[in-house]
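What follows is a short report on a single structure.
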Amino acid sequence: MTSSSASTRKTAVVTGASSGIGAAAARALARDGYEVVIGARRVDRLTELAEQIGGRAMYLDVTDAASVERFAATLERVDVLVNNAGGAKGLATVSEANLDDWRWMWETNVVGTLRITKALLPALIASGDGLIVTITSIAALEVYDNGAGYTSAKHAQGVLHRTLRGELLGSPVRLTEICPGMVETEFSLVRFDGDTDRADQVYQGLTPLTADDVAEVIAFAASRPPHVNLDQIVLKPRDQADARRNVRTG
Ligand code: NAP
């Protein structure tokens, strides 16, 4: 764990930074000069990343109020919050929905985002030029069969984020929602409970986005001047038209 003068350098907090988009965002923001504080449950991975980028790694479980409280209590300054922790569990029709999977998705994507945002909002406002980036998904804008657990959670997460945009008018905080299509990360591995064959099939026959593609957009949003708010950015691979149609499915 590396620590430095968090009160003098601009600080970016990235949740879910132990893999995928969060890890790439942490690298991009560190490259741009931020003191980066990264949180997730797999601390071994976080520590390795923090050593590489000169950031600070901390255990964080966004579904646990005490963990969020402990995490927030160590932060003297927060200029950027990237609400990235999240994911999907399973692909099932509503009639066959697994309630535990739904609870996981809602707790992580929706209530988790609410917990960490509430906890860090005072510091973001105090920074004088705060930015909240929330990684929702095209699943926050569309629905697809067998996906209601995830699409409903991502819609709710998007609504939470977009509501803040109005509620914070007059406060020095910008809000950017990023809605990616298919990105090759551990997302499908988590969704299919560690089934690598099934996860690999998701990306076969097309070129998905990489975590770095999304991280560059996050860093770009953070680099805008205080009066410029990028409200919502949708990015998809060229091979994907929407959540249901890609070059493979036609
Ligand atoms: P990923 O590689 O599976 O990363 C998910 C991250 O979330 C991991 O670092 C994981 O860390 C963290 N996380 C999960 N539960 C957590 C919890 N309770 N507390 C703290 N951290 C937690 O997948 P990804 O694609 O980078 O996903 C990042 C975000 O992008 C998610 O919100 C996802 O819904 C969204 N997204 C992904 C895609 C895609 O196609 N990949 C598309 C659109 C949107 P630990 O397990 O170590 O805690």
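Order of listing sets the numbers, starting from 1, for every ligand and every atom in it.
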Do any heavy atoms of Gly87 fall under 4.0 Å from ligand 1? yes

Decide whether the shortest distance between a heavy atom of Leu60 and an atom of ligand 1 is less than 4.0 Å. yes

What residue and atom, counting heavy atoms only, is the protein's closest point to atom 43 (C) of ligand 1, and at what distance? Pro180 O, 3.2 Å

Among non-hydrogen protein atoms, atom 42 (C) of ligand 1 lies closest to Gly181 O, 3.1 Å

CA sep, side-chain torsions, deciding dist, call: Asp193, Arg198, side-chain contact (heavy atoms from CB on, under 4.5 Å): CA-CA 10 Å; Asp193 211 14; Arg198 209 168 161 203; over 6 Å; no

Mode of Lys154 contact toward ligand 1 - side chain, backbone, both, neither (heavy atoms, under 4.0 Å): side chain

With atoms numbered from 1 as shown, which atoms in ligand 1 lie under 4.0 angstrom from a non-hydrogen atom of Ile135? 30 (O), 32 (O), 35 (C)

Check whether any side-chain heavy atom of Thr176 lies under 4.5 Å from a side-chain heavy atom of Ile218, and answer yes or no. no

Salt-bridge contact Glu69-Lys118 (side-chain N to carboxylate O under 4.0 Å): no

Taking only heavy atoms of Arg42, which atoms of ligand 1 are found under 4.0 Å from at least one of them? 8 (C), 10 (C), 11 (O), 45 (P), 46 (O), 47 (O)

For Gly20, the ligand 1 atoms whose distance to one of its heavy atoms is below 4.0 Å: 2 (O), 26 (O)

Under 4.0 Å, heavy-atom basis, I'd like to know which part of Val62 is in contact with ligand 1: side chain, backbone, both or neither. both

So which protein heavy atom does atom 26 (O) of ligand 1 come closest to, and at what separation? Ile21 N, 2.8 Å

Any non-hydrogen side-chain atom of Leu206 less than 4.5 Å from a side-chain atom of Met182? yes

For ligand 1, indicate whether the residue Ala23 contacts it via side chain, backbone, both or neither (heavy-atom separation under 4.0 Å). neither

Quick check on contacts: which atoms of ligand 1 are under 4.0 angstrom from a heavy atom of Asp61? 17 (C), 18 (N), 19 (N)

Given the side-chain rings of Phe187 and Phe192, with only the six-membered ring counted for Trp, is the space between their centroids under 6.0 Å? no

Would you say Val183 has any N or O atom under 3.5 Å from an N or O of ligand 1, going by distance alone? yes

Under 4.0 Å from a heavy atom of Thr63: which atoms of ligand 1 are those, numbered in the order shown and with their elements? 18 (N)

Could you tell me whether Arg224 atom CZ has more than 12 heavy atoms of other residues or ligands within 6.0 Å of it? yes

Atom 25 (O) of ligand 1: closest protein heavy atom, distance to 0.1 Å, is Thr185 OG1, 2.6 Å

Could you say whether the N/O atoms of Gly39 and ligand 1 ever approach to under 3.5 Å? no

Where is the nearest protein heavy atom to atom 15 (N) of ligand 1: which residue, which atom, and how far? Arg41 NH2, 3.2 Å

Do the non-hydrogen side-chain atoms of Arg77 and Asp79 ever get within less than 4.5 Å of each other? yes

Going by the closest heavy atom to atom 4 (O) of ligand 1, which one wins out of Ala85, Ser18, Ser19, Ala153? Ser19

Under 4.0 Å from ligand 1, counting heavy atoms only, is it the side chain of Met182, its backbone, both or neither? backbone

shortest atom 5 (C) of ligand 1-to-protein heavy-atom contact is with Gly86 O, 3.7 Å

Could you tell me, atom by atom, which parts of ligand 1 come under 4.0 Å of a heavy atom of Glu186? 2 (O), 3 (O)

Mind checking whether Leu235 and Leu209 have side chains closer than 4.5 Å, heavy atoms only? yes

Select the closest option to atom 33 (C) of ligand 1 among Phe71, Tyr59, Trp104, Tyr150, judged by heavy-atom distance. Tyr150

In ligand 1, which numbered atoms sit nearer than 4.0 Å to a non-hydrogen atom of Ala17? 9 (O)

Which residue pairs pass the side-chain hydrogen bond (donor to acceptor under 3.5 Å, both in side chains) test with at least one member in residues 86-96, sequence neighbours excluded? Thr93-Ser95

Any idea which part of Thr136 is under 4.0 Å from ligand 1, heavy-atom wise: side chain, backbone, both or neither? backbone

Test item, Pro208 contacting ligand 1 (heavy atom, 4.0 angstrom): no

I'd like to know if Lys10 and Glu35 make a salt bridge, using a cut-off of under 4.0 Å between side-chain N and carboxylate O. no

Return the CD1 to CG distance between Ile135 and Asn83, rounded to the nearest 0.5 Å. 8.5 Å

What residue and atom, counting heavy atoms only, is the protein's closest point to atom 37 (C) of ligand 1, and at what distance? Phe187 CD1, 3.9 Å

Test applied, side-chain contact (heavy atoms from CB on, under 4.5 Å); reference residue, Leu189; option that passes from Val202, Thr196, Asp195: Thr196

With side-chain hydrogen bond (donor to acceptor under 3.5 Å, both in side chains) as the test, would you mind laying out the steps for Asp61 and Thr63 before giving the verdict? CA-CA 5 Å; Asp61 180 350; Thr63 68; 2.7 Å; yes

Polar-atom distance check: Gly22 versus ligand 1, any N or O pair below 3.5 Å? no

For residues Arg45 and Glu48, determine if any side-chain heavy atom of one lies less than 4.5 Å from a side-chain heavy atom of the other. no

So does Glu186 pair up with Arg191, basic N to acidic O under 4.0 Å? no

Who's the nearest protein heavy-atom neighbour of atom 6 (C) of ligand 1, and how far? Gly16 O, 3.5 Å

